[in-house]
Amino acid sequence: MVASVATHYLWWILALVLIALEVMLPGYFMLWIGIAAAVTGVLMLVLPDLSLQSQAVAFVVLAFLSCAAYWYLLRPRLQRDEPGDARLNRRGEQKIGERYELAEAIVNGRGKARVGDGLWLVSGPDLPAGSTVEVVAVEGNTLKVRPVA
């Protein structure tokens, strides 16, 4: 039965099986080997007299090339170092560099600043209420501030 099926069909069936495995067990590995099998099938369609050894060598070389193409060309484009905004769920860090007015004076290093419609704890040098301060760091839920000249 196998002798009656054209060789390029066998390579395409192998490609479909490998890509189906990738769908069931994702990891971007079987996909590229499946693509190499499909290209080997196209090669067999164009050159039907290739020996089994030549087919195997072509498949291995194409598998390495397709995996290398993914690893060096496609993967760096798909990989993101910073997903969206790296400070998305760290509200305090989003305030660094912002300027606010003190709602309560900073006494003994502690006070409160009006941020939007709320009050945040601030720490810094003693300053009277109404002073403008700039956020320089965040420590827990307290903004570290410095006076703005």
Side-chain angles (χ1 to χ4, degrees), residues 7-47 50 52-149:
T7 310
H8 60 276
Y9 287 128
L10 296 175
W11 282 108
W12 291 338
I13 291 169
L14 177 63
L16 289 175
V17 168
L18 289 170
I19 293 171
L21 280 172
E22 177 67 31
V23 170
M24 289 186 284
L25 307 166
Y28 290 110
F29 186 75
M30 292 295 176
L31 173 68
W32 302 104
I33 297 173
I35 289 172
V39 173
T40 304
V42 171
L43 185 65
M44 288 305 301
L45 184 63
V46 175
L47 303 168
L50 279 179
L52 184 60
Q53 184 178 8
S54 299
Q55 293 175 41
V57 169
F59 172 65
V60 168
V61 168
L62 288 168
F64 276 111
L65 287 176
S66 64
C67 288
Y70 163 70
W71 189 263
Y72 293 110
L73 300 176
L74 188 60
R75 184 174 172 260
R77 291 181 183 181
L78 296 175
Q79 190 175 25
R80 294 183 180 159
D81 294 331
E82 298 283 332
D85 187 359
R87 298 180 296 178
L88 180 64
N89 291 323
R90 294 182 268 173
R91 288 181 24 176
E93 289 182 24
Q94 295 174 2
K95 307 293 183 206
I96 294 175
E98 298 288 324
R99 293 180 177 189
Y100 300 107
E101 187 175 310
L102 290 178
E104 294 179 15
I106 299 178
V107 179
N108 295 327
R110 295 276 190 205
K112 291 186 181 180
R114 181 158 308 282
V115 177
D117 61 352
L119 294 177
W120 281 60
L121 295 173
V122 295
S123 67
D126 290 352
L127 294 168
S131 300
T132 303
V133 293
E134 181 180 358
V135 179
V136 294
V138 179
E139 193 174 274
N141 63 350
T142 303
L143 304 175
K144 292 183 146 284
V145 297
R146 69 175 180 192
V148 174

Where do I33 and F59 land on the side-chain contact (heavy atoms from CB on, under 4.5 Å) test, with the steps shown first? CA-CA 9 Å; I33 297 173; F59 172 65; 3.6 Å; yes

With sequence neighbours left out, what residues match S54 under side-chain hydrogen bond (donor to acceptor under 3.5 Å, both in side chains)? S51

Return all side-chain donor-acceptor pairs below 3.5 angstrom for residues 100-114, not counting sequence neighbours, or 'none' if the list is empty.
none

Show your reasoning for whether side-chain contact (heavy atoms from CB on, under 4.5 Å) applies to I19 and L31. CA-CA 5 Å; I19 293 171; L31 173 68; 4.2 Å; yes

Could you tell me the separation between the CD atom of Q55 and the CG atom of L47, rounded to the nearest 0.5 Å? 10.5 Å

Starting at OG1 of T40, measure out to CG of L14 and round the result to the nearest 0.5 Å. 8.5 Å

Which residues pass the side chain to side chain contact (heavy atoms under 4.5 Å, CB included) test with P147, sequence neighbours left out? P125, L127

Which of L143, V136, V138 passes side chain to side chain contact (heavy atoms under 4.5 Å, CB included) with I96? It is V138

Verdict with reasoning, W32 to L18, per side-chain contact (heavy atoms from CB on, under 4.5 Å): CA-CA 9 Å; W32 302 104; L18 289 170; over 6 Å; no

Residue list, side chain to side chain contact (heavy atoms under 4.5 Å, CB included) with V61, at least two apart or on another chain: V57, L65

Of all residues at least two apart in sequence or in a different chain, which pass the salt bridge (Lys or Arg N to Asp or Glu O under 4.0 Å) check with R146? E134

If you measure from OG1 on T7 to CE on M44, what distance do you get to the nearest 0.5 Å? 4.5 Å

Check whether any side-chain heavy atom of W12 lies under 4.5 Å from a side-chain heavy atom of V42, and answer yes or no. yes

Pairs where residues 58-74 contributes a residue and the test side-chain hydrogen bond (donor to acceptor under 3.5 Å, both in side chains) is met, not counting sequence neighbours: none

Closest heavy-atom contact between K95 and V135? O-CB, 3.4 Å

